Enquirer: 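Below are the structure tokens for one structure; questions will follow.
The basis for the numbers below is simple: all heavy atoms, side chains too, and nothing from hydrogens, waters or symmetry mates. In this text the structure is predicted, and so the values were computed from the model without any measurement. Throughout, a chain's letter reflects where its sequence line sits, starting with A, and its residues are numbered from 1.
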There are 2 protein chains.
Amino acid sequence: MSAARRPDRDATRPVYVISVAATLVSAHPRTLRIYEDEGLVCPARTPTNIRLYSEEDIRRILWIRHLTRDRGVNLAGVRTLFELEERLGKRILEALYDEGTRGRGEAPPEPGSTGTPDGDPSPGR
Amino acid sequence: MSAARRPDRDATRPVYVISVAATLVSAHPRTLRIYEDEGLVCPARTPTNIRLYSEEDIRRILWIRHLTRDRGVNLAGVRTLFELEERLGKRILEALYDEGTRGRGEAPPEPGSTGTPDGDPSPGR
DNA sequence: CTTATCTTGACAACACCATTGTCATGGTTT
DNA sequence: AAACCATGACAATGGTGTTGTCAAGATAAG
């Protein structure tokens, strides 16, 4: 217990540099910078301007990858969905997964496929 | 029993053939057929298989036009947004509009009641 | 110091998508 | 008969997503 009081395990703590983050989400570092330019993810920076991604950032990117690759949504659509979620203050995206897994075996929750232990990109383990 | 609410003014009543509907939303009839193929709109059909669009269909198409043209969302994104809205059973898309109007005390969603002849949820045209 | 990795910015290739448009053949409406 | 609709096919245009590279400079770690 008391894991919630350990900042070194905080999901918001920035830890991964861009090359590691890119590996975690099976994307090119170039792609991650584009996501940032598009305002879809905002990794922290070291005092010397180096990007550091947190676990939350990774999960957010995995959502982007799922929406774009599995559902064919473009970045503008992802931005709209994120904006909607923030505006409603709810995890509305989870509703998409309930449908995907229950409706039919169309979209299994497995966006990553390069040995990533994380099979669930939904924010909220 | 019949016509208790003047069905001739029901927003769900199919009235417009495709050429008229296309004019109303400033799109090509070809585009409207694509929307239907993509499952984004489902106009009624006459017994002889002619498409007839209702006011609700028109408004739905205007949402598609707004999302695609003004926000750059692709059809897959529109489908996801519609799916999310249907799954949550709320008019979540209206939350996107508050951003454009910047009005906090916007008119509350009033489902089921189409008392106003024109709610005009469509983008400024 | 040397090496590897990071930064921004630009350029580009590849495949895919949205929209409009046309053509053809045939059914429907007026 | 004329005008419209249905389906299906084909294509052109412009845009997007992703990856990739090259450059020049800053930073981290050996």
Enquirer: Please determine whether salt bridge (Lys or Arg N to Asp or Glu O under 4.0 Å) holds for the pair A:R79 and A:E38, giving the CA-CA distance in whole Å, both sets of side-chain angles, and the decisive distance to 0.1 Å.
Expert: CA-CA 8 Å; A:R79 187 186 305 113; A:E38 295 288 330; 2.5 Å; yes
Enquirer: Shorter than 3.5 Å, N or O on both sides, protein versus nucleotides 26-30 of chain D: list them out with atom names.
Expert:
{"residue": "D:dT27", "atom": "O3'", "partner": "A:T48", "partner atom": "OG1", "Å": "3.3"}
{"residue": "D:dA28", "atom": "OP1", "partner": "A:T48", "partner atom": "OG1", "Å": "3.1"}

Enquirer: Do the side chains of A:V17 and A:V20 get nearer than 4.5 Å, heavy atoms only?
Expert: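 A side-chain contact exists here, since the closest heavy-atom pair is under 4.5 Å.
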Enquirer: Just the rounded figure in Å: distance from P of D:dA6 to CG of B:D37.
Expert: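 The distance from CG of B:D37 to P of D:dA6 comes to 12 Å, rounded to the nearest Å.
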Enquirer: Is B:S19 close enough to D:dC5 that one of its side-chain N or O atoms is under 4.0 Å from OP1 or OP2 there?
Expert: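 Yes, because at least one side-chain N or O of B:S19 sits under 4.0 Å from OP1 or OP2 of D:dC5.
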Enquirer: Is the cationic atom of B:R87 (NZ for Lys, CZ for Arg) positioned less than 6.0 Å from the six-membered ring centroid of B:F82 and within 45 degrees of its normal?
Expert: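 Pair B:R87/B:F82 does not count as cation-pi.
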Enquirer: Using whole Å, what does the distance between atom P of nucleotide C:dC17 and atom CG of A:L67 come to?
Expert: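 Distance, rounded to whole Å: 16 Å.
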Enquirer: With a 4.0 Å cut-off on heavy atoms, is B:R51 in touch with a base, just the backbone sugar-phosphate, or nothing at all?
Expert: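 Sugar-phosphate only.
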Enquirer: Report the distance from atom CD of B:E36 to atom P of D:dG8, rounded to the nearest whole Å.
Expert: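 One finds 11 Å between P of D:dG8 and CD of B:E36, rounded.
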Enquirer: Do B:Y53 and B:L32 come within less than 4.5 Å of each other through their side chains, counting heavy atoms only?
Expert: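 Contact flag for B:Y53/B:L32 side chains = yes.
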Enquirer: Just N and O in the side chain of B:R71: are any of them under 4.0 Å from OP1 or OP2 of C:dA18?
Expert: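 Indeed not, no polar side-chain atom of B:R71 lies that close.
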Enquirer: Please name the residue in the list B:D10, B:I61, B:T12 that meets the side chain to side chain contact (heavy atoms under 4.5 Å, CB included) test with B:E56.
Expert: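 It is B:T12; the other options fail the test.
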Enquirer: Measure from the side chain of A:R33, starting at C-beta and using heavy atoms only, and say which of C:dT7, C:dT20, D:dT16 lies closest.
Expert: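 The nucleotide sitting nearest to the side chain is C:dT7.
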Enquirer: Are A:P43 and A:E36 side-chain neighbours, meaning at least one heavy-atom pair lies under 4.5 Å?
Expert: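 Counting from C-beta outward, A:P43 and A:E36 do come under 4.5 Å.
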Enquirer: Between A:L40 (CG) and D:dG17 (C1'), how many Å, whole number?
Expert: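 It works out to 12 Å between those atoms.
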Enquirer: Take atom CG of B:N49 and atom P of D:dC5, then tell me their distance rounded to the nearest Å.
Expert: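 That distance rounds to 13 Å.
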Enquirer: Give a yes or no on whether the backbone of A:A27 and the side-chain of A:T31 come within a donor-acceptor separation of less than 3.5 Å.
Expert: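 The answer is no, because no donor-acceptor pair under 3.5 Å joins these two groups.
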Enquirer: Scan nucleotides 9-13 of chain D against the protein and return all N/O pairs shorter than 3.5 Å with their distances rounded to 0.1 Å.
Expert:
{"residue": "D:dA9", "atom": "N6", "partner": "B:R30", "partner atom": "NE", "Å": "3.2"}
{"residue": "D:dC10", "atom": "N4", "partner": "B:R30", "partner atom": "NH2", "Å": "3.3"}

Enquirer: Return the value, rounded to whole Å, for the distance between atom CD1 of B:I18 and atom C1' of C:dT29.
Expert: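 Distance, rounded to whole Å: 16 Å.
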Enquirer: Taking B:R13 for the side chain and B:S54 for the main chain, is one N or O donor matched with an acceptor at less than 3.5 Å?
Expert: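 Between the backbone of B:S54 and the side chain of B:R13 there is no qualifying donor-acceptor contact (under 3.5 Å).
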Enquirer: What's the CG-C1' distance between A:N74 and D:dG15, to the nearest Å?
Expert: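 Checked: the CG to C1' distance equals 10 Å.
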Enquirer: Among the candidates D:dG17, D:dT19, D:dA6, find the nucleotide nearest to the side-chain atoms of A:L75.
Expert: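 Comparing D:dG17, D:dT19, D:dA6 against the side chain of A:L75, the answer is D:dG17.
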Enquirer: Within the structure, does a side-chain N or O atom of A:H28 lie under 4.0 Å from either OP1 or OP2 of D:dG20?
Expert: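 Indeed, a polar side-chain atom of A:H28 lies that close.
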Enquirer: Keeping the roles fixed (side chain from B:N74, backbone from A:G77), state whether a donor-acceptor pair exists under 3.5 Å.
Expert: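 Judged by distance alone, no pair lies under 3.5 Å.
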Enquirer: Does any non-hydrogen side-chain atom of A:R45 lie less than 4.5 Å from one of A:I50?
Expert: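 They are not in contact (no side-chain heavy atoms under 4.5 Å apart), so the answer is no.
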Enquirer: Return the value, rounded to whole Å, for the distance between atom OH of B:Y53 and atom C1' of D:dA6.
Expert: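 The answer, rounded to whole Å, is 11 Å.
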Enquirer: Does OP1 or OP2 of D:dG17 have a side-chain N or O of A:Y35 closer than 4.0 Å?
Expert: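 No, A:Y35 has no side-chain N/O under 4.0 Å of OP1/OP2 on D:dG17.
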Enquirer: Report which part of the nucleic acid B:I34 touches: base, sugar-phosphate, or nothing (heavy-atom distance under 4.0 Å, all strands).
Expert: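 Base, at least one base atom sits under 4.0 Å.
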Enquirer: Map A:L52 and B:I64 onto DNA chain C by nearest heavy atom, then report which one ends up closer to the 5' terminus.
Expert: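 Its nearest nucleotide lies further toward 5', so the answer is A:L52.
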Enquirer: Please tell me which of the listed nucleotides, D:dT19, D:dC5, C:dC6, lies nearest to the side chain of A:V17?
Expert: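 Taking heavy atoms from C-beta onward, the closest nucleotide is C:dC6.
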